[in-house]
Structures are given as structure tokens and as C-alpha cells.
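What follows is a single structure, written as C-alpha cells, with notes after it.
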Amino acid sequence: MPTRLKESLSAEEVIQRAPLLERIVRDFTDCYERRKKNREFLDEISIIAKKFNSPEIDETRYRLQRDVAELSRELESYEREIRALGGVLKDRERGLIYFYSIREDRKIYLVWDHHNPQIVSWHELGETYSDRMPVETPQDTAAAALDSPDRE
């Protein structure tokens, strides 16, 4: 039995989700950076704890472990919100979200980047972010028709 493709969205539908995606991804990337810094500090404290036996070091290490676990749960929650909107978080640091779509009867990814929230690009399923192409929306097509020198 063939694998069923997740919900297919249009570029317009992705752009309509942009305001909500912006908030979620901003919160996600902030949380991701906090978790990364806490994880790095936890690694350092763990090394120190091996050399020195101190209740303060142990307390700090346990607090950081709890913080990292809590931040991990928070990140999972943000990813669930993105999936509920039809997206897949592709790059945690950059905040790229991919959406399944159809273009000329082919399955593709629509790419939403929180650095350019009103622009959606696309690429084939087997390609990468660097292969992406801009999506022409109906507004783009209408504006191009108005600007066309062939217009009477």
C-alpha cells in the first residue's frame, strides 16, 4: 500500500499561517538557544564535578539537568504546534519550516523561512534548501500582468 502524503498546502495557505508561524518560531529559536547554552554549561559543570566534590556544584548540575529537560519539553511542544499547522521543522537554528504541496502533479516542499516570512519558496522532495525556487502566487502573477509592456 502506498504511503499517504501529509496534508498538501498551497503557498497562499502557508503565507496565511505566517503570523502564527513567526511567533512560534521566534519562541522556539529563543528556547533552543537557552537550551543550547544550558547544555553547554551543564557539560562544563559535569567535568568540574568529576574533579571536585561539592554540594554547590551538584546542586547547580541538578538544576541545569532539570532546566535542560524542561526546555526540551518546551521545544517538543513548539514542534507539535508547527505540525498542527501542517509544517515540519526542518532547521532548528534557522527556523525553516517545510510544508508538503503539489506542483504540476509532483509532490514538493514549500519552504517558509522566519527571516523572510512573507516569501515562500519550493523545491523537489529529493532536493535541499539551496535548490529552492521562488513561488509565484496569484498576486505575483496579477502584478506582473499589470506591469507587462504588452498590456494595452
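Positions are given from 1, in the same order as the sequence printed here.
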Which atom pairs, one a donor and one an acceptor, fall under 3.5 Å between side chains of residues 22-30 and the rest of the protein, sequence neighbours left out?
unit_1, atom_1, unit_2, atom_2, d
Thr29, OG1, Val25, O, 3.0
Thr29, OG1, Arg26, O, 3.1

Contacts under 3.5 angstrom, residues 35-42 side chains, donor-acceptor by atom type, not counting sequence neighbours:
unit_1, atom_1, unit_2, atom_2, d
Arg35, NE, Ser72, OG, 2.7
Arg39, NH2, Asp43, OD1, 3.1

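Here the closest non-hydrogen pair linking Ser10 and Glu13 is N-OE1, 2.7 Å. Here the closest heavy-atom approach between residue Leu125 and residue Lys107 is recorded as CG-O, 3.5 Å. Among all heavy-atom pairs drawn from Asp58 and Ala49, the shortest one is OD1-CB, 4.5 Å. Nearest heavy atom pair, residue Gly87 against residue Ile97, reads CA-CG2, 3.8 Å. Scanning all heavy atoms of the two residues, the minimum distance from Trp112 to Ala18 falls at NE1-CB, 3.8 Å.
Residue pairs satisfying the ring pair (Phe, Tyr, Trp, His ring centres under 6.0 Å) criterion with at least one member in residues 57-98, sequence neighbours excluded, are listed as follows: Tyr98-Tyr109, Tyr98-His123.
The OG atom of Ser46 lies 13.0 Å from the NZ atom of Lys51; values are rounded to the nearest 0.5 Å. Considering CG of Leu110 and CH2 of Trp122, their distance stands at 9.5 Å, rounded to 0.5 Å. Between the OH atom of Tyr32 and the CG atom of Leu71 there is a distance of 12.5 Å, given to the nearest 0.5 Å. The CD1 atom of Ile48 sits 9.5 Å away from atom OG1 of Thr60, with the distance rounded to the nearest 0.5 Å. Distance check, rounded to the nearest 0.5 Å: CD1 of Ile57 to CD1 of Ile45 gives 6.5 Å.
Under the 4.5 Å side-chain contact rule for hydrophobic residues, Ile119 and Ile15 do not share a cluster. In this structure, Val68 is not a member of the same hydrophobic cluster as Leu75, with clusters built from ILVMFWY side-chain heavy atoms closer than 4.5 Å.
Side-chain contact between Ile108 and Phe99 is absent, with no heavy atoms from C-beta onward closer than 4.5 Å. No side-chain heavy atom of Ser101 sits less than 4.5 Å from a side-chain heavy atom of Leu9. Put simply, the side chain of His114 does not reach to within 4.5 Å of the side chain of Arg94, judged on heavy atoms.
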Show your working on salt bridge (charged side-chain N to carboxylate O under 4.0 Å, His left out) between Arg34 and Glu74 and close with a plain yes or no.
CA-CA 11 Å; Arg34 285 193 328 266; Glu74 204 172 317; 3.6 Å; yes

